[in-house]
Amino acid sequence: MLIFIARRLGIMLLTAFVLTFVVFFLTNLPPNLEKLARSEGSVRMSDESVTAWIEQNGHGGSVLTRYGQWLGMVPGWVLTDEKGVTRGRCIAQRQDPAEASRFCGILQGDWGNSTFFKKAVLPSLGEKLGATGWLMLWVMIVMVPTALVIGVVSGMREGTRTDRALSTFSIASTATPEYVSGVILVALFASPVTGLSPILAEWGWIDGKTLFLGAASPDKITFWSFTLPVLTIALYGIGYIARMTRASMTEVMTAQYIRTARLKGVSFGQVVIRHALRNALIAPFTVIMLQFPWLLNGVVIVETLFNYKGFGWTLVQAAGNNDINLLLGCSVVAVFVVLVTQLISDIGYVFLNPRIRIS
Amino acid sequence: MTDTTWDPSKPILEIDHLSISFFTRLREIPAVMDFSCTVMAGEAMGLVGESGCGKSTVALAVMRDLGKNGRITGGSIKFKGRNLTTMNDEELRHIRGSEIAMIYQEPMASLNPAMKIGAQLAEVPMIHSGMSKAEAWKLARQIVADVRLPDPDRIINAYPHQLSGGQQQRIVIAMALMAKPALLILDEPTTALDVTVEAGIVDLVKDLGEKYGTSMLFISHNLGLVMDVCDRICVMYSGEAVETGAVKEVFDVMRHPYTQALFRSIPLPGADKNARPLISIPGNFPLPHERPPGCNFGPRCDYFQQGRCDAGDIPMDPVPGGDRHETRCLRWTEIDWAAPPARRAVKTKAPIGKVVLKMEDLKKYYSVSTGAFGGGMTKVVKANETLSFEARQGETLAIVGESGCGKSTFAKVLMGLETATSGSIMLFDENVQSTPIQKRNTDVVSSVQMVFQNPFDTLNPSMTVGRQIIRALEIFKYGNSDEDRRNRMLELLDLVKLPRAFADRMPRQLSGGQKQRVGIARAFAGGAKVVVADEPVSALDVSVQAAVTDLLMDIQRENGTTLLFISHDLSIVRYLSDRVMVMYLGHVVEMGTTDQVFQPPYHPYTEALLSAVPIADTKVERKRIVLEGDIPSAMNPPPGCPFQTRCRWKSKVPGNRCETEMPGVRTLAGGHQIKCHLSTEVLQQMEPVIKVAAE
Amino acid sequence: MDDALTWGAIIGQILMQFLPVWIALVATYAVSITFKRRLGLYGKLFDSPVGMIGFGIVMFWVFTAVFADQIVTFDPLAQLGSKKNLAPGSVFADAAEDQYKYFLFGGDHLARDVFSRMVMGARSVLSIAPAATAFAFMVGITLGVPAGYFGGRLDTTLSFVANLVLAFPVILLFYLLVTPEIRLTGIPVVLAALLFIFPIVFLTILFNSRYFTDPKKRNLYVGMVLVVGLWAYSGLAFNMDPLGVWSMDPNLLNVFVSVVFVNSPTVFRIVRGIVMDLKARDYVAAGQTRGEGPWYIMLWEILPNARGPLIVDFCLRIGYTTILLGTLGFFGLGVAPDSPDWGSTIDDGRKTLSLFPHAAVVPALALMSLVLGLNLLADGLREESLRD
C-alpha cells in the first residue's frame with residue numbers, strides 16, 4: 001500500500017512538473033512577452049525597445065532557466081542597467097540588492113505580482129479561491145446526493161417507468177452545458193420581463209423584480225443569489241454522475257450474487273442496501289472525483305456568467321489581460337486540484353474495493 | 001423450520017404439466033413444455049440434458065425467479081403441498097433460502113465480493129428465524145466446519161476472492177444449508193471446477209444430503225455425475241422431459257431413442273476409436289422457435305416414422321414394471337432396444353510413422369511481478385519443467401491435466417507464440433525452440449496449427465466463415481489467384497462436412513459444433529502436419545462432441561496428421577489417444593501408451609484423476625479416491641514433489657523425501673515413465689481404479 | 001404596415017421555413033423504415049423509440065445545415081434596420097420589396113436576425129464537430145490499439161502522455177492554446193502536422209497489413225491513400241496545397257486542432273481498454289498461430305469487433321465536441337467576432353440577457369437540442385447493439 005501511494009505520488013510530481021512547464025512555456029511565448037512589454041511599457045514601443053524591455057525584465061534567455069527561476073530552483077535573475085541600478089527577480093523595489101535572497105520562486109512562496117490586480121498573486125488568488133470554495137461546497141452538497149439517488153433509484157429496477165423518466169432527465173442534463181443552462185435559468189427565473197418572475201411579481205408573491213438574482217457575489221451569499229449559479233454547475237454534473245451510477249447499479253443488480261441474495265430470501269430493500277449499494281458505488285466514486293476538472297470548467301463559465309469574482313473569473317481576467325504571473329498561478333492551482341483529486345480517487349477506489357485492498 | 005401440517009410421505013416437490021415461456025419483442029419463446037416430475041423426501045432427482053433444453057429454467061421456475069421476460073404459462077409447482085405458482089412475493093421470500101435453497105454454477109460470481117463470508121452466511125438465519133447476530137455467526141462457523149473447510153475461524157472473516165474456487169463452492173453449499181432447507185436445487189454445481197476438486201464437492205453433497213435428509217434437484221449435463229449423486233433421473237430434450245425413472249433403470253433399460261443415442265455418443269470404457277467408434281446424433285438441436293411438430297427429437301431419430309411421430313403432441317407413457325418409469329415415445333414398444341446400432345462403421349487403424357516432433361528438456365519460466373500494486377518483487381513461475389517426449393506421424397498424443405498444469409504454456413511454446421527458456425523442440429529435424437512465430441518460415445507455420453477450445457471465441461465474429469479460411473490460405477501462400485483460394489476454401493468446408501453455403505455466413509449464424517468445424521478447417525488450410533487441439537470439444541454438448549471428435553480422427557487418418565490432444569477429460573482421452581502424458585504443476589508425472597496409463601501401476605495423481613472422473617455406466621465399479629484440498633498455485637509450488645500436498649501414498653515413502661526431493665523419471669516396462677518416489681514393489685501392489693463388471 | 005406576429009403565427013412561419021428539412025426527414029425515415037431489416041445496426045435503430053427520436057433531432061440539424069441557404073430569412077451577418085433587440089415576431093420596418101418581413105425569433109443587440117443566425121450556426125457547428133471528432137478517433141485508435149495490444153513500456157508512456165493532457169482543465173488549455181498570439185508562433189501548425197498525419201498512417205498500415213500477400217492490390221490501395229492523403233495533408237496542415245483545393249482558415253485550424261487535441265486522449269483510453277479485453281480472444285490467438293503480423297491482428301481482427309462501443313462513443317463525442325466548440329465561442333476564443341456559431345451568439349446575447357433573453361436563449365436551446373439528439377442517438381445505439 002505504501003509503495004503504491006509512493007509510486008502515485010512520484011507520478012503525480014512528475015505530472016505536475018511537466019504540466020507547469022507546459023503552462024510556463026505557453027504563457028511565456030515570445031508574442032505574449034511582446035504584448036506584456038507593450039502593455040507594461042508603452043503601446044508605441046519600437047520592436048528594438050520591446051526586445052530590450054524583455055531582456056531587462058528577466059524574460060530573456062532560455063525558457064528552461066526562466067522556468068527554473070519561476071520554480072525557485074534556479075537563482076533569480078539580477079541585472080544592472082546602464083544607470084547602475086541593480087534590479088532582479090528577487091529584489092523588491094527600493095530594496096538593497098545585497099539583502100535580497102537568491103531564490104524566489106513558487107517553492108519559496110513567491111508567486112510574483114499580478115499586472116492586472118497590481119498586487120501579489122498569492123494573496124489575491126487565495127481570496128478568490130475562498131470565494132470559489134463556497135460555490136463548490138454548495139455545488140457538491142446539491143449535486144452528489146441528487147445524482148446518487150437518481151442513479152440508484154433508476155438503476156435498481158431497470159426498465160421501469162421511474163427508470164425511464166429519470167434516465168431521460170439525466171440524458172437531458174448531460175446535454176445542457178453550463179452556458180446553456182445558465183442562460184435558460186436566468187431567462188426563466190431572473191429576468192424581469194420573461195419567465196416566472198413577472199408573473200410572480202404581478203401576483204405580489206415576490207418583493208423584488210425577479211425571483212432569483214442573476215448575479216452573485218462572494219460577500220453576500222444568500223439563497224436568492226446562490227441558487228442559480230449552484231444549480232447551473234450542478235445540473236451538468238448530476239446527469240453525468242447519475243448515468244454512471246445507474247450503469248453501475250444495473251450491472252450489479254444483474255450480478256449472480258444479487259440473485260443469490262434474493263433467493264436467500266432477502267427482501268428487495270435489503271438486497272439494494274446491503275448487497276448492491278456498496279458494489280455499485282465504487283465506480284461513481286471515481287467518477288465524482290474525476291469530475292473536478294469539469295467542475296473547474298463549470299466554475300469558470302458560471303463565474304463569468306453571474307459575474308461572481310472567484311477563481312474562475314480571475315482565470316478569465318488573467319488570460320484576457322495577458323497577466324502571465326496570475327495565469328501561471330491559476331494554472332498551478334488548477335493542476336494541483338486535479339492531481340490531488342486523482343490521487344484521492346485512486347486511494348479511495350482501493351479502499352472501497354476489498355478485492356484490491358487485501359490481495 | 002418444518003411445516004407441521006405437511007405429511008412426510010407425500011412428495012416434497014410436485015411439478016405438474018409445467019409450461020414456461022420467455023417473451024421477447026418479436027415472439028413468445030416456449031422454454032419448457034408440459035414438464036412433470038415429483039421429488040420425495042430425501043430423494044435426489046437428476047435433471048439431465050444438453051444446453052438449451054430448459055433444465056435450468058425449471059430450476060429457476062421452482063424458485064420463481066424467471067426474470068422480467070419469463071412467465072409460467074401453464075401447470076403448477078407444489079412445494080409441500082403449497083402451490084408456488086400462485087404465491088405472492090412475501091410468501092415466496094419466506095420459502096426462499098429457508099425451505100428451498102439453491103447452489104449455482106459459478107461460485108465466485110455467486111458470492112458478494114464486498115461482504116465477508118461470515119456475514120453472507122449469517123444473514124440467512126437472521127432473516128428467516130430472527131436469530132441474533134452473534135448466534136448466527138456461531139452457526140456460520142459450525143456449518144463452515146461441516147462443509148470440511150480448514151480453519152473456519154479464518155474463513156468466516158475472509159472475503160470471497162481470498163478463497164479458491166473449490167472453497168468458494170463449499171461456502172455456497174454452506175450458505176444453502178444454513179437454514180436446513182427441505183429442498184436443495186443444484187444447478188451444475190461443479191462445471192466450473194477441476195475434476196479432482198469436483199469429486200470432493202460431489203462427495204460432500206451426497207453426505208450432507210444424507211445427514212440432513214434434504215431432497216435434491218440436481219441439474220447437470222454430465223450423466224456420470226448424475227449417476228453418482230442421484231436416485232432418480234429425468235432426461236430433457238428441447239424443453240420437454242423425454243424419459244424419467246430410477247437412475248439404474250434409465251441407464252440400463254432406457255426406453256427413449258434420445259436417451260439411447262445420448263449413451264451411444266459418450267465415450268464409456270470399452271469404446272474404441274477404430275473398433276467401436278462413438279455414434280454421434282445426426283443433425284442439430286432445434287432452436288426454441290423452430291421446433292418440429294410432434295416429437296421434438298423426430299428429425300434426428302433413427303426410429304422416426306413420418307405421419308405418426310410428427311402428427312401431434314406426444315404424452316408421457318408409463319413403462320410397466322418400472323419404478324415410475326415413463327417415456328415420451330410413441331414407438332417405444334415397437335423398438336428392439338437390444339439390437340446393436342445400425343450406423344456403426346468400423347474403421348482401420350492408421351499406421352504410425354516416423355518421429356515428427358521431439359521435445360527435449362524443455363523449460364519455460366515466466367517472471368511475474370508480485371505485490372498488489374504493481375510494485376514489489378518479481379517471482380519466477382515454472383510453467384513447464386523438463387518436458388521431454390516425441391510424437392510420431394499419424395499418432396494421437398494426449399496431454400492430460402487440470403488447471404495450472406502447464407498444458408497451455410506448452411502449446412504456446414510449441415506454436416512459437418512464446419519462446420522456451422531452455423531445451424530443444426525438433427520439428428521435422430529443425431530446432432525451432434528459440435524461433436518466435438514471426439521468424440518461422442511459412443512452411444513451418446502452416447504445418448503446425450491449433451484448434452481452440454471455446455467455439456464462441458475461435459472465429460472472428462465480424463468476418464464471414466469463408467473469408468476467415470481464405471485469409472489463412474493467403475497467409476500460407478496457397479494458390480495464385482483469389483479463385484484458387486476460394487475453391488480450396490470450399491473444399492475445406494467439404495472436408496469438415498459443412499455445406500458450401502456456409503462460406504458466406506457470419507459466425508453468429510452457426511452452432512457451437514459448426515464453429516468448431518470451421519476452426520478445424522482453418523487449422524488444416526495449410527496442410528498441417530502437427531495439430532494441437534486444446535480441449536476442442538469440452539465446451540460442446542455431448543451429442544456434438546462425438547461428431548467433432550470423429551471428424552478430427554477421420555482427417556487425421558486421411559492425412560497422417562500428428563494430433564496433440566490437450567484435455568482434462570480422461571474418458572475421451574482413453575477413447576481416442578495412442579499415448580498419454582499426464583501433467584501436474586508443470587511436470588510430466590506419467591507418460592506411456594494409453595493402456596499403460598489406464599492400468600496400474602499408476603502415478604498417485606493419475607490414480608486420483610481416474611477415480612475422480614464420473615462414468616455413466618452402471619456396470620463400472622470405481623474406487624473412490626478423493627484428494628484433499630485444492631491444486632497449489634503455480635506461483636507458489638510446494639517443495640519436493642509437486643503432488644506431495646495431496647498424495648495419499650506419501651506415507652509409503654520412507655523419510656521425508658517427498659517433501660524435500662524432486663523425484664526423477666523412472667522408466668518401467670515398455671517405456672512407461674513415472675515421476676515418483678514410490679518403490680517398484682509399492683507400485684506393483686496398486687489396484688485398478690476402474691473395474692468393469694462382467695456382462 | 002403589418003402587425004407583429006403572434007406566437008402561433010411565428011411557429012407556423014418557422015415550420016414553413018424548414019420545409020426542405022421536413023421533406024428530407026420524411027424521405028429518410030420512409031426509406032430507412034422500409035428497409036430496416038437489411039440495414040444492420042443502423043436499421044435496428046428504428047426499433048428503439050429513443051434512438052429514433054435522437055436520430056430525428058440529429059438529422060433535423062444536419063438537414064438544416066445542408067439547406068441553411070434556403071431556410072435563412074436574412075443574411076445572418078447583416079445589421080438590419082436601426083431598431084435593436086426587437087422581440088420575436090416583430091416586423092422588419094425597412095424591408096425591401098423582395099425581403100422577408102419579420103424577425104421570426106427577434107433581433108439581437110446589433111439588429112441581426114436571431115433566427116437566421118441560429119440556422120447558420122448549425123452549419124458552422126456541424127462542419128467542425130463531426131470532422132474534429134473523426135480526427136480525434138483516428139489519433140486515439142492509431143495510438144490506443146497498439147498500446148492495448150502490446151502493453152509494456154509503450155503503453156506506460158502513451159498512457160502517461162494521455163493522462164497528462166487529461167489533467168489539464170479544458171478551459172485552461174483553451175485559453176493557452178487558442179489565442180491570436182499562439183498563431184504567430186506556429187504551434188497550431190506543428191500540432192496540426194502531428195495530428196493530421198494519423199489518418200494517413202492509419203490507412204496505410206490498414207491496407208498494407210491486409211494486402212501485403214498481394215503486392216499489386218497493396219500498391220494500388222496504399223498508393224491511393226498516400227497520394228490523396230498527402231495532398232490533403234499539405235493543404236490542411238501547412239496551407240501549401242499546390243492545387244489550392246484543400247485549405248483551412250488559420251483561425252479555424254487553431255480551433256480544430258485544439259478540439260482534436262483535447263478529445264484524443266479520452267478516445268485513446270477507451271480504445272486501449274477495449275483492445276486489452278479483446279486481445280485475449282481465441283481468434284486473436286488463431287491469427288498469431290498462423291503467423292499474422294501484429295498490425296493485421298490489431299486492425300483487422302480486433303478493431304472491427306470494437307466497433308459497437310466505438311460508434312456509440314463517437315455519437316456522444318460529437319455532442320461533447322459541440323459543447324466544447326460552444327465553450328470556445330462563449331469565451332470568444334478563436335472565432336471571428338461576428339461568427340453566427342451558437343457559442344458566440346450565446347455570449348453576445350447574455351449581455352442583454354435579463355431584458356431581451358431571446359437572443360441568447362434561441363441558440364442555447366438549439367445547441368442543447370443537438371447535443372440531446374446525439375446523446376439519445378448514442379443511447380439508442382447502445383441499447384440496440386447490446387440486444388441479441
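Reminder, nothing fancy here: chain letters follow the sequence lines and each chain counts from 1. On a predicted model such as this, the values are computed, not experimentally measured, just so you know.
- Note on A/S191, A/A334, A/S181, A/A190: by heavy-atom pairs under 4.5 Å with chain C, the leading option is A/S191.
- Between A/Y67 and A/F25, the distance separating the two ring centers is not shorter than 6.0 angstrom.
- Proximity to chain A (any heavy atom under 4.5 Å) is shown, for C/L370, by neither the backbone nor the side chain.
- Within the 3.5 Å criterion, the main-chain N or O of A/G151 finds no donor-acceptor partner in the side chain of A/T245.
- At a 4.5 Å heavy-atom cutoff, the contact between A/T304 and chain C is made by backbone and side-chain atoms alike.
- Taking A/A319, A/G320, A/C330, A/P30 one by one and counting their heavy-atom pairs under 4.5 Å with chain C, the maximum is reached by A/A319.
- In the model, A/D323 has a side-chain atom that pairs as donor or acceptor with a side-chain atom of A/S114 under 3.5 Å.
- Interface residue A/V183: backbone and side-chain heavy atoms are both found under 4.5 Å from chain C.
- Across A/T341, A/I184, A/V337, A/I301, the residue that shares the most heavy-atom pairs under 4.5 angstrom with chain C is A/I301.
- Using a 4.5 Å cut-off between heavy atoms, C/I346 touches chain A through its side chain atoms alone.
- Comparing C/L164, C/V361, C/L184, C/D379 by heavy-atom pairs within less than 4.5 Å of chain A, the highest count is held by C/L164.
- Heavy-atom neighbours of A/Y240 OH from other residues, nucleotides or ligands within 6.0 Å: at or below the threshold of 12.
- Listed options C/H358, C/R350, C/E181 were ranked by heavy-atom pairs under 4.5 angstrom with chain A; first place goes to C/E181.
- No donor-acceptor pair under 3.5 Å is formed between the side chain of A/E158 and the backbone N or O of A/D163.
- Both the backbone and the side chain of A/T174 come within contact range of chain C, each with at least one heavy atom under 4.5 Å from a heavy atom of that chain.
- Contact annotation for C/D347: neither backbone nor side-chain heavy atoms come within less than 4.5 Å of a heavy atom of chain A.
- Across A/T27, A/V180, A/L26, the residue that shares the most heavy-atom pairs under 4.5 angstrom with chain C is A/V180.
- Heavy-atom distances place both the backbone and the side chain of A/L305 under 4.5 Å from chain C.
- Per-residue counts of heavy-atom pairs under 4.5 Å with chain C were compared for A/I11, A/T15, A/L296; the largest is that of A/T15.
- Of the residues considered (C/N375, C/V371, C/I323), C/I323 shows the highest number of contacts with chain A, using heavy-atom pairs under 4.5 Å.
- Salt bridge absent: C/D108 and C/K351 never bring a charged side-chain N and a carboxylate O closer than 4.0 Å.
- The shortest distance between side-chain heavy atoms of C/S258 and C/F174 falls below 4.5 Å.
- Contacts between C/F331 and chain A at a heavy-atom distance below 4.5 Å involve the side chain alone, from C-beta outward.
- For the set A/A172, A/G182, A/A175, the count of heavy-atom pairs under 4.5 angstrom toward chain C peaks at A/A175.
- Considering every non-hydrogen atom in both C/A132 and C/T321, the closest pair reads CB-CG2, 4.3 Å.
- Judged by distance alone, the side chains of A/S167 and A/R246 do bring a donor and an acceptor atom under 3.5 Å apart.
- Contact of A/V338 with chain C is made through the side chain alone, with heavy-atom distances under 4.5 Å.
- C/T322 and C/W342 share no donor-acceptor pair across their side chains, judged by distance under 3.5 Å alone.
- For A/F336, no part lies near chain C; criterion is any non-hydrogen pair under 4.5 Å.
- When each of C/L191, C/V178, C/L328 is paired with C/N254, the side-chain contact (heavy atoms from CB on, under 4.5 Å) condition holds for C/V178 and for no other.
- Comparing C/T327, C/I182, C/T185 by heavy-atom pairs within less than 4.5 Å of chain A, the highest count is held by C/T327.
- In this structure, A/V332 and A/W70 have side chains that are in contact, with non-hydrogen atoms separated by less than 4.5 Å.
- Only the side chain of A/L29 comes within less than 4.5 Å of a heavy atom of chain C; its backbone N, CA, C and O stay farther away.
- Taking the six-membered ring for Trp and thresholds of 30 and 60 degrees, A/Y179 and C/F330 have nearly parallel ring planes, at less than 30 degrees apart.
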